[in-house]
Amino acid sequence: MQKLKYERPFIRKMNIGSMNKFGTSSNVQPVKHIDGVPVASLLAQFGSPVFVLSERQIRRNYRAAARAFKTRYPRVQFAWSYKTNYLNAVCQVFHQEGSWAEVVSGFEYRKALGNGVAGNQIIFNGPEKRREDLLLAMENNSLIHIDNFDELFNLIELCNEVNIQPRVAIRVNMDTGVYPQWDRFGFNYENGQAWNAMGKIVASGKMQLVGLHCHIGTFMLSTAAYVVAAGKMCDLLMRCRTELQNPIQYLDMGGGFPSTNTLKGAYLPGVDTVQLVDDFAEAITTTILNFGFKQDELPLLILETGRALIDDAGYLLGSVVANKRLSDGRRAMVLNFGVNTLFTAFWYDHQISPAQDGSQHTEDVVLYGPLCMNIDMVRESAHLPLMEAGDNVVVHKVGAYNMTQWMQFITTRPAVVMIDEQGQPHQIRKPENLEYIEMMEQVPVHLEPVLNPPR
Ligand SMILES: *Cc1c(COP(=O)(O)O)cnc(C)c1O
């Protein structure tokens with residue numbers, strides 16, 4: 001047999017961003033504008049780093065999602081999940097669009113009242129509702145979603161004290177075929193806990209059981225889980241009508257729809273893999289419509305929308321602090337924001353773009369933040385053109401959970417800007433400063449600093 005001729009292996013440099021056998025990548029394309037506003041001017045005006053939100057994109061997302069549900073089902077109400085992003089300007093955009101408020105603490109509850117949301121349009125969720133919070137919610141005729149038996153018994157006592165009949169629902173958890181099961185919130189369906197709680201509420205005669213609530217997970221990748229959940233909720237609702245003679249007015253199916261971000265460890269980008277709000281709307285509404293309710297007995301369908309409506313409307317603009325070579329030869333870049341500012345870097349491989357024209361040479365690079373800790377990694381590996389200290393970057397899809405979970409660790413939090421529909425930027429949260437951070441501190445007299453100590 002003739003020996004094959006030796007061919008020398010070779011390595012050929014390829015520029016990502018142009019066509020090659022691995023497809024194209026937009027990472028090298030600089031992003032110089034957001035909604036028509038130059039990135040450079042936003043950084044010059046509001047500092048670096050800075051969060052930027054597109055009001056246009058938030059409204060577009062809201063309207064598309066509302067349409068997906070309202071064209072499939074006759075009675076739909078959205079409630080904005082405050083913990084996803086509770087900057088008042090953001091909440092107002094959702095309230096203007098018609099959203100109620102969904103809150104999970106006394107703090108968020110009061111924020112919703114401050115935003116002018118009518119008490120009867122606030123949904124009060126969460127495992128910890130303090131006595132004064134419950135009283136406030138009862139006085140305002142809000143929807144109180146009970147999480148556990150201790151809360152239920154507290155509420156019965158409160159009802160006796162103040163003689164108000166609150167409108168309540170229970171949070172239900174269940175096996176939806178997605179594991180690990182989310183069973184730490186609410187009453188379980190399979191073991192009968194949920195049914196027992198409903199029986200106790202109705203028997204107490206102290207409250208109106210007006211709804212059933214579930215929130216089966218977050219960044220859910222399967223619409224099938226919602227089919228299971230909606231079926232079990234309908235079953236409870238029907239039994240409540242027939243066996244307890246208690247009409248339930250609404251089914252609150254929670255949130256959990258994914259944004260188009262890419263989860264860490266995912267093989268393909270989120271834009272190519274996650275299901276659309278339309279798919280979730282189809283799964284939920286078809287299940288309820290096919291359950292067998294009479295047309296005039298269809299419950300109001302409430303959705304507590306969060307990340308899917310705002311993630312892609314948010315950007316984080318920042319700057320390169322330094323470039324390095326690591327001991328293993330990898331290139332590393334230090335940015336002026338880390339996981340303190342971009343909390344969701346723990347979950348996502350955020351897409352990051354340069355904000356200016358630059359080198360055609362691209363390379364895998366580790367992106368670090370400025371914190372003095374090892375976990376401060378913005379991306380373990382990103383394919384980016386070389387950038388110099390002082391160059392700027394744009395991080396995409398950061399609108400959800402960053403402006404509520406950001407940490408004030410070793411430095412202050414940046415400004416947040418919203419670009420309105422006419423392309424006008426507005427600062428909606430000032431950058432923090434030392435004075436703001438220290439405003440809450442108190443130093444005992446014997447520890448007060450000695451100014452101008454004697455030498
Ligand atoms: C966080 C939360 C939501 C919103 O969740 P997303 O996954 O962002 O859609 C809705 N309902 C409840 C009870 C929540 O805790």
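Read the numbers this way: they start at 1 and go in the same order the structure lists the ligands and their atoms. Since the model is a prediction, treat every value here as computed from it, not as a measurement.
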Undergrad: Answer with yes or no after comparing the ring centroid distance for F69 and F280 against a 6.0 Å cut-off, counting only values under it.
TA: no
Undergrad: Return the option from M220, E102, H215 holding the heavy atom at the smallest distance from atom 5 (O) of ligand 1.
TA: H215
Undergrad: Please work out, at 4.0 Å between heavy atoms, whether the side chain, the backbone, both, or neither of Y401 comes within that distance of ligand 1.
TA: side chain
Undergrad: List every atom of ligand 1 that sits less than 4.0 Å from any heavy atom of G255, numbering the atoms from 1 in the order shown and giving each element.
TA: 9 (O), 10 (C)
Undergrad: Atom 14 (C) of ligand 1: which protein heavy atom is closest, and how many Å away?
TA: K83 NZ, 2.8 Å
Undergrad: So, for F257 and Y226, is the gap between ring centers shorter than 6.0 Å?
TA: yes
Undergrad: Using ring centroids (six-membered ring only for Trp), state whether Y348 and Y401 fall under 6.0 Å.
TA: no
Undergrad: Between R171 and E151, does any side-chain N to carboxylate O distance fall below 4.0 Å?
TA: no
Undergrad: Tell me which protein heavy atom sits closest to atom 4 (C) of ligand 1, plus the residue, atom name and distance to 0.1 Å.
TA: S81 OG, 3.5 Å
Undergrad: Are a donor atom and an acceptor atom from the side chains of E282 and T286 found within less than 3.5 Å of each other?
TA: yes
Undergrad: Using salt bridge (charged side-chain N to carboxylate O under 4.0 Å, His left out) as the criterion, point out the one residue from R67, R59, R60 that pairs with E97.
TA: R59
Undergrad: Provide the number and element of each atom of ligand 1 under 4.0 Å from a heavy atom of N125.
TA: 13 (C)
Undergrad: If you apply the rule side-chain hydrogen bond (donor to acceptor under 3.5 Å, both in side chains), what do you find for N125 with E102, and how did you get there?
TA: CA-CA 7 Å; N125 281 317; E102 185 272 327; 2.6 Å; yes
Undergrad: Applying a heavy-atom cut-off of 4.0 Å, say which part of T218 lies close to ligand 1: side chain, backbone, both or neither.
TA: both
Undergrad: Out of G186, G256, A400, indicate the one that has the non-hydrogen atom closest to atom 9 (O) of ligand 1.
TA: G256
Undergrad: Return yes when R171 approaches ligand 1 closer than 4.0 angstrom through a heavy atom, no otherwise.
TA: yes
Undergrad: For atom 11 (N) of ligand 1, find the nearest protein heavy atom and state the residue, atom name and distance (0.1 Å precision).
TA: E304 OE1, 2.7 Å
